[in-house]
Enquirer: 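Provided herewith is a single structure, encoded as structure tokens, for subsequent inquiry.
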Amino acid sequence: MGFARRLGIMVRAVDSVFEKLPPELECIPAKKTVDDAIIAIQSFVMNAFGCLENLAWMWVCERPVWNDGKQLDPMKVGLGPKCKEVRASFTQEFITHLENRQD
């Protein structure tokens, strides 16, 4: 899924949460309302991860990032510490930035 579509879904998810659970709400909402908000929050989080995966794939394809002269296994494409080939292609400054935010 592309960035524009993911971002559109994320905006709808945030709007949905604030519609279901507005900050000025003073009563305890119904379970169905809370469940709908949870679904929207989970959608937002999963699409945020999807955006990061898309960025990693763009980097790997544009750079290109290889493993011993071969294309990377799709399971090794990402920004996390287990994606050693991708991480090795970043500047030390960016690697440090990612490591400082790992927790």
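Small disclaimer: the values here were computed from a predicted structure and weren't measured.
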Enquirer: Can you list, pair by pair, the side-chain donor-acceptor contacts under 3.5 Å of residues 22-37, counting residues two or more places apart and other chains?
Expert:
| from | atom 1 | to | atom 2 | distance (Å) |
| --- | --- | --- | --- | --- |
| K31 | NZ | D35 | OD2 | 2.8 |
| K32 | NZ | D36 | OD2 | 3.2 |

Enquirer: Taking T96 for the side chain and Q92 for the main chain, is one N or O donor matched with an acceptor at less than 3.5 Å?
Expert: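 Flag set: sc T96 to bb Q92 pair under 3.5 Å.
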Enquirer: Do you know which two heavy atoms are closest between M10 and C51, and how far apart they sit?
Expert: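 Nearest heavy atoms, M10 then C51: SD-SG, 4.1 Å.
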Enquirer: Does L98 share a hydrophobic cluster with M58, counting links as ILVMFWY side-chain heavy atoms below 4.5 Å and allowing steps through other members?
Expert: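 In one cluster with L98: M58, yes.
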Enquirer: Could you check whether any side-chain heavy atom of Q71 comes within less than 4.5 Å of a side-chain heavy atom of W66, counting everything from C-beta outward?
Expert: yes
Enquirer: Would you say L52 ends up clustered with L7 if hydrophobic residues are merged whenever their side chains have heavy atoms under 4.5 Å apart, either directly or through other cluster members?
Expert: no
Enquirer: Is it true that V86 and I95 fall in one hydrophobic cluster, defined by side-chain heavy atoms closer than 4.5 Å?
Expert: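 Looking at the clustering, I95 is in the same group as V86.
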Enquirer: Measuring from N54:CG to N47:CG, what's the distance to the nearest 0.5 Å?
Expert: 9.5 Å
Enquirer: How far does NZ of K76 sit from NZ of K82, to the nearest 0.5 angstrom?
Expert: 12.5 Å
Enquirer: Within a 6.0 Å radius of atom CD on E93, are there more than 12 heavy atoms belonging to other residues, nucleotides or ligands?
Expert: no
Enquirer: Measure the shortest side-chain to side-chain distance between T91 and F94 over non-hydrogen atoms and say whether it is less than 4.5 angstrom.
Expert: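 Yes, at least one pair of side-chain atoms sits under 4.5 Å.
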Enquirer: Do V77 and C83 have side chains that get closer than 4.5 Å, going by heavy atoms?
Expert: no
Enquirer: Would you indicate whether the side-chain heavy atoms of D73 and N67 approach each other to under 4.5 Å?
Expert: no
Enquirer: Quick one: CG on L79 to CD on Q102, what's the gap to the nearest 0.5 Å?
Expert: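 So the gap between those two atoms works out to 10.5 Å.
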Enquirer: Please say yes or no: joined through hydrophobic side-chain contacts below 4.5 Å, possibly via intermediate residues, are W57 and L55 part of one cluster?
Expert: yes
Enquirer: Using 0.5 Å steps for rounding, measure from the OG atom of S16 to the CD1 atom of I9.
Expert: 13.0 Å
Enquirer: Search all heavy atoms of E85 against all heavy atoms of V65 and return the closest pair with its distance.
Expert: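 Closest approach of E85 to V65, heavy atoms only: O-CG1, 3.5 Å.
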Enquirer: With a 4.5 Å cut-off on side-chain heavy atoms, are F44 and V17 touching?
Expert: no
Enquirer: Would you say CZ of R87 has more than 12 non-hydrogen atoms from neighbouring residues, nucleotides or ligands within 6.0 angstrom?
Expert: yes
Enquirer: What is the minimum heavy-atom distance between M46 and R6, and which atoms define it?
Expert: O-NH1, 4.4 Å
